[in-house]
There are 2 protein chains.
Amino acid sequence: MARPASEEKRTAIMNATIGLVAAAGTGTSTAKIAKKAGVAEGTVFTYFSTKEALLSALLLELEGELADILLKDPLPGDEGREDMQHFWNRLIDWGVTNPTKWRTLKRLKISSQVPDSIRTQGERRFDEAAVVLARALARQAGEDANIRYAGIIMNAIAEATFDAIADNPNQRETLKLRGFAVFWGGMAGLSQEGSLTL
Amino acid sequence: MARPASEEKRTAIMNATIGLVAAAGTGTSTAKIAKKAGVAEGTVFTYFSTKEALLSALLLELEGELADILLKDPLPGDEGREDMQHFWNRLIDWGVTNPTKWRTLKRLKISSQVPDSIRTQGERRFDEAAVVLARALARQAGEDANIRYAGIIMNAIAEATFDAIADNPNQRETLKLRGFAVFWGGMAGLSQEGSLTL
DNA sequence: AAAAAATGAGCGCCTACTCACTCATTAACA
DNA sequence: TGTTAATGAGTGAGTAGGCGCTCATTTTTT
């Protein structure tokens with residue numbers, strides 16, 4: 001009956017937010033977001049009730065996008081090193097091709113402007129990926145390896161690798177390989193240490 | 001001749017800032033800092049000319065404190081695994097006993113409210129520690145291992161380990177050991193991948 | 001007495017968000 | 001098929017409140 005909401009405007013606001021949060025953090029004003037999106041400030045609030053809602057929606061969308069990419073095409077299927085490396089390559093490739101998204105995601109994950117409930121909800125988007133990760137990791141790090149801990153380590157090493165690639169883009173493939181070697185070696189180290197009741 | 005500046009007030013302001021930045025980020029207002037420090041808002045500006053100056057001083061102080069602790073007492077001296085583990089244990093112990101400082105340091109390091117020049121200056125406080133780290137690492141990761149990359153990885157795994165300990169404080173020693181095993185294993189992985197021109 | 005620390009009301013500016021309004025879109029009716 | 005009524009997207013000046021910071025004044029020290 002009335003003017004339909006425009007998907008274009010919504011994504012323009014989202015994209016403007018990605019750019020500004022990457023550059024200046026979650027403290028960026030809604031006025032700047034609106035300006036960059038080419039939209040009146042009021043329009044931001046017709047698509048997102050509050051700034052918190054905007055940042056929350058963005059966090060969930062970015063995590064969803066990354067989770068989808070991790071699961072996109074089929075794994076080699078060795079349920080070990082090769083599967084894991086495939087995973088790793090996708091993670092790094094996404095970060096390298098989407099540096100501002102990566103940066104924004106990193107900031108949103110620790111922002112106090114996103115409620116904990118959203119952060120919890122976002123983590124759940126990686127549940128499916130975590131299952132695959134657990135299977136591929138079982139032999140390298142032990143059946144009872146704490147998958148959450150391994151996931152955090154993977155993310156941490158990916159972050160370091162990604163920064164290194166940003167500094168030396170021409171060494172991308174070597175650094176990607178090297179980052180994986182560090183992660184895989186780390187998981188081997190993990191298996192050699194005593195069991196744990198978590 | 002006149003009233004002397006009070007070191008107590010200065011540290012009260014610093015400590016209040018540590019607590020508030022850890023909890024709410026660098027967006028915390030000077031009014032809140034003053035209130036928590038038990039001081040008038042104007043007093044904050046007699047000790048630090050601007051909020052940026054306050055955050056910068058805090059970053060440098062925290063990095064200095066951590067760097068000092070890393071170098072405090074002598075290393076075992078094997079110039080290998082044991083030296084490295086000694087280093088690691090000090091890093092984790094500091095993070096575990098000073099969680100709000102750790103959190104604040106992490107936030108200040110990526111805050112756009114701290115100028116890059118300060119961040120660069122802060123990194124230099126770890127130069128001495130980096131030399132020791134490089135020596136201890138040479139055999140495990142190769143003579144030409146990129147020390148900056150290794151440092152970032154160590155920091156990243158420390159962060160993950162620290163979070164794990166925060167969740168399971170009674171497993172502190174086991175997790176500390178495990179975190180080091182991951183790091184050391186990772187460095188072994190590093191040595192097995194092709195050379196790099198950085 | 002002299003000097004500097006300490007104070008907090010006040011300054012101009014920026015913030016997230018609102019609201020009275022315009023206008024594009026479409027369903028319903030002549 | 002052409003006209004109209006209903007709807008809600010889109011707008012941007014306006015609002016209250018919070019921000020970093022200042023400064024006239026008071027308090028504390030030498």
Side-chain angles (χ1 to χ4, degrees), chain A residues 1-59 104 107-108 111-115 117-118, chain B residues 1-60 104 107-108 111-118:
Chain A
M1 257 263 230
R3 192 170 177 176
S6 135
E7 194 57 39
E8 272 179 36
K9 289 237 155 77
R10 212 191 110 98
T11 60
I13 292 165
M14 282 277 199
N15 287 334
T17 309
I18 290 170
L20 288 166
V21 169
T26 55
T28 317
S29 68
T30 51
K32 280 178 192 152
I33 291 168
K35 193 174 180 185
K36 180 157 186 181
V39 133
E41 193 169 359
T43 305
V44 171
F45 293 94
T46 86
Y47 286 89
F48 304 95
S49 58
T50 62
K51 188 187 174 186
E52 181 181 295
L54 165 59
L55 295 177
S56 298
L58 187 54
L59 174 61
T104 298
R107 298 194 120 139
L108 287 174
S111 170
S112 50
Q113 296 203 51
V114 175
S117 60
I118 297 289
Chain B
M1 258 263 229
R3 190 174 178 177
S6 137
E7 193 58 39
E8 271 180 36
K9 289 236 156 77
R10 211 192 111 99
T11 60
I13 292 166
M14 282 277 199
N15 287 335
T17 309
I18 290 170
L20 288 166
V21 169
T26 54
T28 317
S29 67
T30 51
K32 281 178 192 153
I33 291 168
K35 194 175 179 184
K36 180 157 186 180
V39 132
E41 193 169 358
T43 305
V44 172
F45 293 94
T46 85
Y47 287 87
F48 304 95
S49 59
T50 62
K51 188 187 173 186
E52 183 181 294
L54 165 59
L55 295 177
S56 298
L58 186 54
L59 174 62
L60 293 178
T104 298
R107 297 194 121 139
L108 288 173
S111 170
S112 50
Q113 297 202 49
V114 175
D116 283 341
S117 59
I118 296 289

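Letters A, B, ... are given to chains in the order of the sequence lines, protein chains preceding strands, and every chain is numbered from 1.
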Contact between [X] and [Y] at the side-chain level, heavy atoms closer than 4.5 Å - yes or no?
{"X": "B:Thr26", "Y": "B:Val114", "value": "no"}
{"X": "A:Thr28", "Y": "A:Thr17", "value": "no"}
{"X": "A:Leu58", "Y": "A:Ile18", "value": "yes"}

Does [X] place a side-chain N or O at less than 4.0 Å from the phosphate oxygens OP1/OP2 of [N]?
{"X": "A:Lys9", "N": "D:dG10", "answer": "yes"}
{"X": "A:Thr43", "N": "D:dT11", "answer": "yes"}
{"X": "B:Tyr47", "N": "C:dA5", "answer": "no"}

Whole angstroms only, please: what is the [atom1]-[atom2] distance between [X] and [N]?
{"X": "A:Ile13", "N": "D:dA9", "atom1": "CD1", "atom2": "P", "result": "12 Å"}
{"X": "B:Ile33", "N": "D:dG20", "atom1": "CD1", "atom2": "P", "result": "7 Å"}
{"X": "A:Lys35", "N": "C:dA16", "atom1": "NZ", "atom2": "P", "result": "15 Å"}
{"X": "B:Leu55", "N": "D:dG20", "atom1": "CG", "atom2": "P", "result": "9 Å"}
{"X": "B:Glu7", "N": "D:dT29", "atom1": "CD", "atom2": "C1'", "result": "17 Å"}
{"X": "B:Arg3", "N": "C:dA4", "atom1": "CZ", "atom2": "P", "result": "13 Å"}
{"X": "A:Phe45", "N": "D:dT15", "atom1": "CZ", "atom2": "P", "result": "17 Å"}

B:Ser111 OG to A:Arg107 CZ distance, which is reported to the nearest 0.5 Å: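 With rounding to 0.5 Å, OG (B:Ser111) is 7.5 Å from CZ (A:Arg107).
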From NZ (A:Lys35) to CD1 (A:Ile33), nearest 0.5 Å: 14.0 Å
A:Tyr47 side chain to A:Ser6 backbone, donor-acceptor under 3.5 Å: yes
Between N or O atoms, less than 3.5 Å apart, protein on one side and nucleotides 9-15 of chain C on the other: list the pairs.
none

Given C:dC17, D:dT11, D:dC21, the nucleotide with the shortest approach to the side chain of A:Thr50: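 Of the options given, the side chain of A:Thr50 lies nearest C:dC17.
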